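So the structure is just underneath, and the comments pick up after that.
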Amino acid sequence: MWEPNDLEQQRLDKLNRIRERGIDPYPKRVDRTHTIAEAIAVFEAAEEAAGDETPEAAPVVVCGRITSHRPQGKSSWAHIEDGSGRVQVWMKKDNIGDESQDLFNDEIDLFDFIQVSGTMMRTRRGEITVLANEFAPISKTLSPLPVIKERRLDDGSVERYGGFTDPEERYRQRYADLAVNPDVREVFLARAKTISAIRRFLDEEGFLEVETPILQPIYGGAAARPFVTHHNQLKQDLYLRISFELYLKRLLVGMYDAVYEIGRDFRNEGVSRKHNPEFTQVEWYKAYIDYNEVMNITERMVAYAGEQVTGSPVITFQGHKVDLTPPWKRITLRDAIIENTGIDYTEHTDAASLTAVMKEKGKHPSPDSTWGKLVDSLLGTDVEPGLIQPTFITDYPRDISPLAKMKDDDPAHVERFEFFIAGLEMGNAFSELNDPIDQEQRFIDMGRLYGEDSEESHPVDEDYLRAMRYGMPPSGGFGMGVDRLVMLLTDRPNIREVLLYPHLRNRDE
RNA sequence: GGGGGCGUAGCUCAGUGGUAGAGCAGGAGCCUUUUAAGCUCUUGGCCGGAGGUUCGAUACCUCCCGCCCUCACCA
């Protein structure tokens, strides 16, 4: 049960006094004729047409939230804001009458929504303003939002007063964050543009957008722990998907040449600056191409998204200039690790000897790691942070890549790449393994590598193997963390800043 | 899970072993082209929670809760 604090009680009192005046503080309908941006545009056009004359007074009815409230006796001022913009309002007693003036000055608060009928004009100071003939409250705000004030200094810089910056409160009350922080609204606008750019790109490339199950009887396609849930009537445990991979590739068996899905994955792992338990992924698969062609499409796709969202393929992330223009650097994982650590992991082909050489070089390999995981950790700690410009790291060890085709000349490696931008791992792709016998063996090997009890051991997906036996064309596949790309394009180093509702622990309230 | 930091008014933050302060927001008043409107006066806090040390804790200690950073984990 809500217990109003002092500020809220004052607003409740005002609400009641508005009702006592016979005014509905939450009317069902408004009479808006223009968005705020439209009203301003109409006035600017009228000014243009009038030349040196005073422009014709165009009547408008605009609605919005009060973002500054400056009662001043007989001549009061406010700014109202809607989704399109913000405009000043002038409440003049001679125009709106005593009662309305009192209503505005005494019972209307900062952040209330009002409707203003009036005419557009420009004040002596040059600000476009709605001179009100009448106004009406259209939604009373009971809890005050945080107030942010700005003053433009003589040198053009902006000084800010107060704000709403505590990350926890901003995430828990994203509505308040969005209401008072326009730059946060910009982030999610950019997010929407990013996703629509990816979709547009893939559509134009001839991919078919599909949807596959989120609730799955067997999870797979990635090495991650799943969330488990249960279907009551079927008396069946189900997993929330950790990737789309195995379902999408079945569709290539079904004779679609190119498919993609944009959606949510769920991984029951640690949360961090780069990880949220649920995150948005785009995966696509295309028949008759290999991972080299996947790289070509990838760099075009990301450059396209960057340009669509930021206006340029050259972006800035945390002070780094990053050029997304293809072609990107391509280097094998082996070479990248040699370059950065001096270790050639192909000379240390088992976990024990690789651990030994890593220790020699002052690294701290975690005990009980498999050989592949050690290689991967060298990538993560010694290579990844330095990959500022877009880079494809290619040709991964076979034993950490059970769904990729082996390289012809080198059975220890597979045709796989990950790509990195601004030190962030963005995505993963390979020439898709379509040999059902080899695939079955890989599943078995993975099982043996990790053991039945390991949390990383994966159930063998027999239905997937059956699909492979029906025949899948040679194909390239691709997966990318969309949130990571949005982080990159909005210059936000924390994934929570690009998720409207990032996962947070429960808090007793 | 380990390490470090933080949690004080609606918001942003000071602060001290003797039960708290500023700015903005809020309230009252003056003001019919203001612009962080201004000026005068003013309300507001279980100082995250629970224990402990102490004559006395918001401050010192322990535990708990939450957030941030970092490491671990993470195809």
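So you know, we letter chains A, B, ... as the sequences are listed, proteins then strands, and number each from 1. Note that the structure is predicted; figures quoted are calculated from it, not measured.
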Verify side chain to side chain contact (heavy atoms under 4.5 Å, CB included) between A:Glu384 and A:Glu418, making sure each step is shown before the conclusion.
CA-CA 10 Å; A:Glu384 183 173 328; A:Glu418 291 183 313; over 6 Å; no
Given the P atoms of B:C13 and B:A72, what is the spacing between them in whole Å?
30 Å
Please answer whether the main-chain N or O of A:Arg225 pairs with a side-chain N or O of A:Glu269 as donor and acceptor at a distance below 3.5 Å.
yes
If you check the A:Val147 side chain, which of B:U70, B:C68, B:A25 turns out closest?
B:A25
Report yes if at least one side-chain N or O of A:Lys149 is closer than 4.0 Å to OP1 or OP2 of B:G23; otherwise report no.
no
Test of ring centre spacing under 6.0 Å for A:Phe478 and A:Phe419:
yes
Looking only at side-chain atoms of A:Phe164, point me to the closest of B:U12, B:A25, B:A75.
B:U12
C1' atom, B:A50 versus B:C65: distance in rounded Å?
11 Å
Look at the side chain of A:Thr123 against the base of B:U34 and say whether a donor-acceptor pair falls under 3.5 Å; ignore hydrogens and angles.
yes
P spacing across the pair B:A57 / B:A28, given as an integer number of angstrom
39 Å
Determine, for A:Glu299 against A:Arg330, whether the closest basic-nitrogen to carboxylate-oxygen distance falls under 4.0 angstrom.
yes
Euclidean distance for C1', B:G5 against B:C39 (whole angstrom)
42 Å
Closest to side chain of A:Glu269, choosing from B:C74, B:G27, B:G66:
B:C74
Selected nucleotide, minimal atom distance to A:Leu7 side chain, candidates B:G66, B:C73, B:G10
B:G10
Counting only side-chain heavy atoms from C-beta out, which of B:U34, B:A75, B:U32 sits nearest to A:Lys92?
B:U32
Can you check the distance between B:A14 and B:G2, where both ends of the measurement are the C1' atom (answer in whole Å)?
33 Å
Is A:Arg505 close enough to B:C65 that one of its side-chain N or O atoms is under 4.0 Å from OP1 or OP2 there?
no
Can you tell me, in whole Å, how much space there is between the C1' of B:A25 and that of B:G10?
7 Å
Which residues pass the side chain to side chain contact (heavy atoms under 4.5 Å, CB included) test with A:Pro436, sequence neighbours left out?
A:Met468, A:Arg469
What's the gap between B:A20 and B:G4 when it is taken at their C1' atoms, as a whole Å value?
29 Å
With A:Arg416 as the cation and A:Tyr396 as the aromatic partner, state whether NZ or CZ is under 6.0 Å from the six-membered ring centre and within 45° of the axis.
yes
N/O (side chain, A:Arg125) to phosphate O (OP1/OP2, B:U33) under 4.0 Å
no
Between which residue ranges does RNA chain B form stems of three or more consecutive Watson-Crick or G-U wobble pairs, both distances under 3.5 Å?
B:1-7 with B:65-71, B:10-13 with B:21-24, B:26-30 with B:38-42, B:48-52 with B:60-64
Ionic contact status for A:Lys405 with A:Glu432, cut-off 4.0 Å:
no
Mind checking A:Leu504 for me? I need base, sugar-phosphate or nothing, with any heavy atom below 4.0 Å counting as a touch.
sugar-phosphate
With sugar-phosphate meaning primed atoms plus P, OP1 and OP2, does A:Asp6 contact a base, only sugar-phosphate, or nothing at under 4.0 Å between heavy atoms?
sugar-phosphate
So, does A:Arg70 get its side chain near the phosphate of B:C31, meaning an N or O under 4.0 Å from OP1 or OP2?
no
Determine the interatomic distance between C1' on B:G66 and the same-named atom on B:G23; round to the nearest Å.
27 Å
Under 4.0 Å, heavy atoms only, any strand: does A:Thr165 hit a base, just the sugar-phosphate, or nothing?
sugar-phosphate
Which residue lies toward the 5' end of RNA chain B, A:Met121 or A:Phe111, if each is placed at its nearest nucleotide?
A:Phe111
Measuring to OP1 and OP2 of B:U34, would you say a side-chain N or O of A:Ser75 lies under 4.0 angstrom away?
no
More 5' along RNA chain B: A:Pro144 or A:Arg122, using each one's nearest nucleotide?
A:Pro144
Residue-phosphate contact under 4.0 Å: A:Asn494 side-chain N/O, B:C69 OP1/OP2:
yes
Check the pair A:His503, A:Phe227 against ring pair (Phe, Tyr, Trp, His ring centres under 6.0 Å), reporting the backbone distance first and the verdict last.
CA-CA 14 Å; A:His503 183 76; A:Phe227 288 95; 8.3 Å; no
